[in-house]
S.K.: 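Pasting a structure here, questions to come.
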Amino acid sequence: MLHRFEFDGTRIVLDVHSGAVHVVDKLVWDLLDDYQQVDQGEMVDKFLDVYEPEDIIEALCEIRDLEQKGLLNSPEPFPDGYRRSGECVTKALCLHLAHSCNLRCLYCFAGQGCYGGADELMQGSTGRRAIDLLIDRSGGRKRLEIDFFGGEPLLNFKVLKELVSYARLQGQEKGKEFQFTVTTNGVLLDDEISSFLIEQDINVVLSLDGRRDVHDDMRRVPAGTGSYDMVLPRIQKFVTLREGQQRTGTAYTIIRGTYTRHNLDFCSDVLHMAGLGFKSLSIEPVVAFEDAEYSIRREDIPLLLTQYEELTRELLKRRNSGKPVNFFHFNIDFDGGPCLPKRLSGCGAGGEYLAVAPNGDIYPCHQFVGRSEYLMGSVKDGQVDPSLIETFRMAHLYNKEGCAECWAKFHCSGGCHASAEGSSGSIFIPYQVGCELARKRLECAIYLKAVELNQIEVT
């Protein structure tokens, strides 16, 4: 299976099953259509009016050499289908420290932070049980991850500190290492909290949607006014502090935005945030039901695809001017990357990754929290529903509708389970709008990587 595309005149071929990427000239591009069905003499005759015979023969030899090396038209790794086997090891937890929020973002999938219930903060005892559960279910895995989420997790900063300390202590005793991530809107990001996050080498995801009017349109305080002028100085100060104080730590800070139908020109928002000095950025399409007036529609896709292309060009300009920006969705490891089982299963929600609500209830991920049909158990008794685990383990790309035939399958991994379920009612039927955007992002990422490796000269 090959995927061929052009970006600004550059012809690129992705060998889907090996992951090999080839930048090719027009001769090879033309030969790829027929070389498997037509012998060498016929190929020479077919293109004799366009190319020299020796050039055609040389190109055919190069193509066949790549085939023999398994880098072109490589075979399907699971021709008879795929079934996951072995023990399900849990590697990460999303701890909902707060089902409460100090903002009222209009597009919030969590119902302004409370997930359809009452405001609630996680107790330290519940968080400790969740950490014990993670350790018990982690098998021989040494490195574990904990995401602090909400609502707004910093509303429960005292428990956050307690759980970091507890996990580190348990890790020393049980031979485990923990990496922590906090996702915050930045409202409570004062000097005390900032210092703690930096000193503890905690990853931080900071919410900012881009331009002031775009951000304020969706991310509002309870009184109804925008939050841009309140959170931006706090975010800037934190990023400056981390850049100034971090020497040996490995934690990252990323500014994460959401685009909606109100700002389909989202490239301008990425460039706005880059202009503020932020170097690690992500902006993602809104997760919303189709009837929401701000949701992405199929008719919006052509414009969004051009926005990703424009963003690619702008990021190249910044790189060439010595002001590079790390854009999350264009980061793809072509030098091995995740193992094949990981590529097949994606995020691992529902088994490798679990979410825990403030009351201790367990769900497949943060986007399923509060939905009774996806309740998997509770940390109070340490039991997790094996049938739901098996359902999510089977939701790999070879069991998802259309995924096995898609050229992007080993990078997309079948897409987000929650988006699939939200759009189709089934985690086995992917969200088609998300699929089209993911494929375009992958093309942009491949092009950027080819430029980085000096396979393409861009002026």
S.K.: Would you say the rings of Y294 and Y259 are close, in the sense that their centroids are separated by under 6.0 Å?
M.R.: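 Aromatic pair excluded; centres sit 6.0 Å or further apart.
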S.K.: Looking only at the side chains, is there a donor atom on one of D8 and T10 sitting less than 3.5 Å from an acceptor on the other?
M.R.: no
S.K.: Would you call K409 and E76 a salt bridge, using N to O less than 4.0 angstrom?
M.R.: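 Salt bridge: yes.
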S.K.: Taking all non-hydrogen atoms of both residues into account, name the closest pair between C101 and R104 and its distance.
M.R.: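 Smallest heavy-atom distance, with atoms named: O-NH1, 2.7 Å.
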S.K.: Taking NZ, NE, NH1 and NH2 as the nitrogens, is one of them in R137 or E352 under 4.0 Å from a carboxylate oxygen of the other?
M.R.: no
S.K.: I need the minimum non-hydrogen distance between L134 and K91, along with the two atoms involved.
M.R.: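 Minimum heavy-atom separation between L134 and K91: CD1-C, 3.8 Å.
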S.K.: Would Y353 and Y363 count as a ring pair (Phe, Tyr, Trp, His ring centres under 6.0 Å) here? Give the steps.
M.R.: CA-CA 9 Å; Y353 174 85; Y363 295 88; over 10 Å; no
S.K.: Look at the aromatic rings of H366 and H96 and report parallel, tilted or perpendicular, splitting at 30° and 60°.
M.R.: tilted
S.K.: Kindly state whether the ring of F5 and the ring of Y447 have centres lying under 6.0 angstrom apart.
M.R.: no
S.K.: Do D191 and K237 sit within salt-bridge range, that is, some charged N less than 4.0 Å from a carboxylate O?
M.R.: yes
S.K.: If we ignore angles and hydrogens, is there a donor and acceptor under 3.5 Å between the side chains of H396 and N399?
M.R.: yes
S.K.: With the side chain counted from C-beta on, respond yes when E199 and I202 share a heavy-atom pair under 4.5 Å apart, and no when they do not.
M.R.: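 Answer no - side chains too far apart.
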S.K.: Would you please say whether a donor-acceptor pair under 3.5 Å links the side chains of R393 and T391?
M.R.: no
S.K.: Do K440 and E443 meet the salt-bridge criterion of a basic N to acidic O distance under 4.0 Å?
M.R.: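 Yes, this pair counts.
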S.K.: If we only count heavy atoms from C-beta on, is the F178 to I146 side-chain gap below 4.5 Å?
M.R.: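 Touching, per the 4.5 Å side-chain cut-off.
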S.K.: Can you tell me if E152 and T184 form a side-chain donor-acceptor pair at under 3.5 Å?
M.R.: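 Side chains of E152 and T184: pair found under 3.5 Å.
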S.K.: Name all pairs fulfilling the salt bridge (Lys or Arg N to Asp or Glu O under 4.0 Å) condition that reach into residues 10-29, sequence neighbours left out, sorted by first residue then second.
M.R.: K26-D30
S.K.: Quick check: are there more than 12 heavy atoms from other residues, nucleotides or ligands sitting under 6.0 Å from CD of E401?
M.R.: no
S.K.: For residues Y374 and D361, is any side-chain donor paired with an opposing acceptor at under 3.5 Å?
M.R.: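 No, D361 and Y374 have no side-chain donor paired with an acceptor closer than 3.5 Å.
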S.K.: Would you check if E452 and R319 make a side-chain contact, meaning some heavy-atom pair closer than 4.5 Å?
M.R.: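 Touching, per the 4.5 Å side-chain cut-off.
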S.K.: I'd like to know if the side chain of Y228 pairs up with that of R211 as donor and acceptor (distance under 3.5 Å, no hydrogens or angles considered).
M.R.: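 Not at all, the side chains of Y228 and R211 share no donor-acceptor pair under 3.5 Å.
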S.K.: If you measure from CG on L189 to OG on S194, what distance do you get to the nearest 0.5 Å?
M.R.: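 L189 CG to S194 OG: 3.5 Å, rounded to 0.5 Å.
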S.K.: Does one side chain, of K400 or H417, offer a donor that lies under 3.5 Å from an acceptor on the other?
M.R.: yes
S.K.: May I ask you to check whether R168 and Q200 show a side-chain donor-acceptor distance below 3.5 Å?
M.R.: yes
S.K.: For E162, is there an ion pair with R128 - N to carboxylate O distance below 4.0 angstrom?
M.R.: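 Counted as a salt bridge, because a side-chain N and a carboxylate O are separated by less than 4.0 Å.
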S.K.: Not counting sequence neighbours, which residues clear side chain to side chain contact (heavy atoms under 4.5 Å, CB included) with H329? List them please.
M.R.: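 For H329 the side chain to side chain contact (heavy atoms under 4.5 Å, CB included) partners, ignoring immediate neighbours, are S282, E284, F327, R441.
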S.K.: Distance from N331 atom CG to K449 atom NZ, nearest 0.5 Å?
M.R.: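 Taking CG in N331 and NZ in K449, the distance rounds to 8.5 Å.
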S.K.: Evaluate the criterion side-chain contact (heavy atoms from CB on, under 4.5 Å) for residue pair L208 and V231; output intermediate values, then yes/no.
M.R.: CA-CA 8 Å; L208 188 71; V231 301; 4.3 Å; yes
S.K.: Evaluate F392 against F368 for ring pair (Phe, Tyr, Trp, His ring centres under 6.0 Å), listing each step before the verdict.
M.R.: CA-CA 12 Å; F392 277 84; F368 288 102; 5.6 Å; yes
